[in-house]
Amino acid sequence: MILMDNVIREGHPTLRTRAKELTFPLSPEDKKLGQDLLEFLINSQDPVLSEKYNLRSGIGIAAPQINESKRMFALHLPDDNDNQISFVAVNPKIVSHSVENTYLTNGEGCLSVDRNVAGYVPRHARITVKFHTLDGEEKKMRLKGIPAIAFQHELDHLNGVMFYDHINESNPFADVPNSQPIENN
Ligand code: SB7
Ligand code: NI
């Protein structure tokens, strides 16, 4: 199982590397990697298991964060209507997005960043995405709210981008044009 010791932290070059596209069928090892990413999120949100294994709670995790430079990530979180969103995305992409932007009023965090970085992280408010499942099935879905933000955060990891790269350097809380903020915490 994935533990915090397996999560690489800022400064590690893999976090700044563009991850490699996967080809299907996935190898048994790459399938296992995807299952392990999702299992980590589920465990990290379980009060008993997160305490037992000292896991920081996460709603998403990308393969490069455990030093596997492959275009794969997992998300596990409720949507606006309290439906559970839970999937592993392989070779994910954003096919279209809203003109409207959004951001979390309390900013973002990252399992690979052991410090608080304050500031607004501008994101697309709504996105239409495509990805492949671990079995190679193509999925298309529309995301909004925190799931849309999380998808963009994870997709950034596949491109060597960290959330704080998006924060306005001179004024971290500068107005985000054309945006509907989302309250978190
Ligand atoms: C806040 C947190 C996350 C995404 C968007 C807003 C995920 C944090 C965990 N990760 O480091 C995943 O890459
Ligand atoms: Ni992250």
Side-chain angles (χ1 to χ4, degrees), residues 1-19 33-46 49-50 53-80 84-94 97 101-127 129 131 143-168 172-173 176 179-185:
M1 73 185 276
I2 296 172
L3 298 170
M4 293 311 294
D5 280 352
N6 304 117
V7 176
I8 60 172
R9 310 301 159 93
E10 27 172 7
H12 195 298
T14 299
L15 291 172
R16 290 308 196 175
T17 303
R18 183 186 161 87
L33 170 62
Q35 290 161 355
D36 286 350
L37 291 172
L38 191 52
E39 181 205 54
F40 170 85
L41 297 178
I42 294 168
N43 292 346
S44 82
Q45 293 175 30
D46 181 301
L49 293 177
S50 65
Y53 295 112
N54 251 291
L55 307 177
R56 205 178 130 192
S57 180
I59 57 176
I61 187 168
Q65 292 184 273
I66 56 163
N67 203 20
E68 293 277 0
S69 199
K70 297 168 180 179
R71 301 191 75 77
M72 180 194 290
F73 64 69
L75 286 187
H76 187 75
L77 76 167
D79 72 11
D80 289 353
Q84 192 65 27
I85 292 194
S86 189
F87 59 75
V88 178
V90 179
N91 299 340
K93 56 186 187 198
I94 294 172
H97 62 79
N101 298 309
T102 189
Y103 60 92
L104 293 171
T105 55
N106 287 302
E108 296 187 16
C110 182
L111 293 167
S112 298
V113 180
D114 291 324
R115 61 193 173 103
N116 289 318
V117 184
Y120 298 151
V121 180
R123 301 291 189 186
H124 306 303
R126 294 173 298 282
I127 54 178
V129 305
F131 60 84
L143 298 172
K144 61 183 169 76
I146 297 181
I149 293 173
F151 193 100
Q152 291 168 80
H153 177 117
E154 302 314 328
L155 187 57
D156 274 349
H157 277 308
L158 307 189
N159 294 326
V161 174
M162 301 295 284
F163 72 92
Y164 48 75
D165 298 346
H166 299 293
I167 298 175
N168 184 309
F173 299 102
V176 176
S179 65
Q180 282 275 115
I182 296 175
E183 308 273 345
N184 59 326
N185 296 321

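Since we're looking at a predicted model, the values are computed, not measured. Just follow the structure's listing: the first ligand is 1, and inside any ligand the first atom is 1.
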Aromatic contact, Phe73 with Phe131 (centres under 6.0 Å):
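Judged by ring-centre distance (under 6.0 Å), Phe73 and Phe131 do not meet the cut-off.
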With a 4.5 Å heavy-atom cut-off, do Leu37 and Met72 have their side chains touching?
->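 Heavy-atom side-chain distance check passes, below 4.5 Å.
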Q. Is the closest heavy atom of Gly60 to ligand 1 under 4.0 Å?
A. yes
Practice task
Report yes or no: does Ala62 have a heavy atom closer than 4.0 Å to ligand 1?
Solution key: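 Outside the 4.0 Å threshold, so no.
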Under 3.5 Å donor-acceptor, His12 side chain and Thr14 backbone
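Yes; at least one donor-acceptor contact below 3.5 Å.
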The atoms of ligand 1 lying under 4.0 Å from a heavy atom of Leu104, numbered in the order shown, are 6 (C)
Looking at every heavy atom in both Cys110 and Met162, which two are closest together, and how far apart are they?
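Heavy-atom minimum between the residues: SG-CE, 4.4 Å.
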Run the side-chain hydrogen bond (donor to acceptor under 3.5 Å, both in side chains) test on Gln45 and Ser57 for me, step by step, so that the C-alpha distance in whole Å, both residues' side-chain angles and the decisive distance to 0.1 Å come before the verdict. CA-CA 5 Å; Gln45 293 175 30; Ser57 180; 5.2 Å; no
Of Leu15, Val121, Ile59, Leu111, the one whose closest heavy atom lies nearest atom 11 (O) of ligand 1 is Leu111
The option among Arg123, Met162, Arg56, Glu154 carrying the non-hydrogen atom nearest to atom 12 (C) of ligand 1 is Glu154
Does any N or O of ligand 1 fall below 3.5 Å from an N or O anywhere on Ser112, backbone included?
no
Please say whether Glu108 places an N or O atom under 3.5 Å from an N or O atom belonging to ligand 1. no
Exercise for review: Go through Glu10 and Tyr164 one step at a time and tell me if the side-chain hydrogen bond (donor to acceptor under 3.5 Å, both in side chains) criterion holds.
Suggested key: CA-CA 11 Å; Glu10 27 172 7; Tyr164 48 75; 2.7 Å; yes
- Are side-chain N/O atoms of Arg18 and Asn159 paired as donor and acceptor at under 3.5 Å? yes
Going by the 4.0 angstrom heavy-atom rule, the piece of Val113 near ligand 1 is neither
Q: Considering only non-hydrogen protein atoms, determine which one is nearest to atom 8 (C) of ligand 1 and report residue, atom name and distance to 0.1 Å.
A: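 Of the protein heavy atoms, Gly109 O, 3.6 Å lies nearest.
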**Asked** Quick one: angle Cys110 SG - the Ni ion (ligand 2) - His153 NE2, to the nearest 10°?
**Response**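 Approximately 120° at the metal, rounded to tens of degrees.
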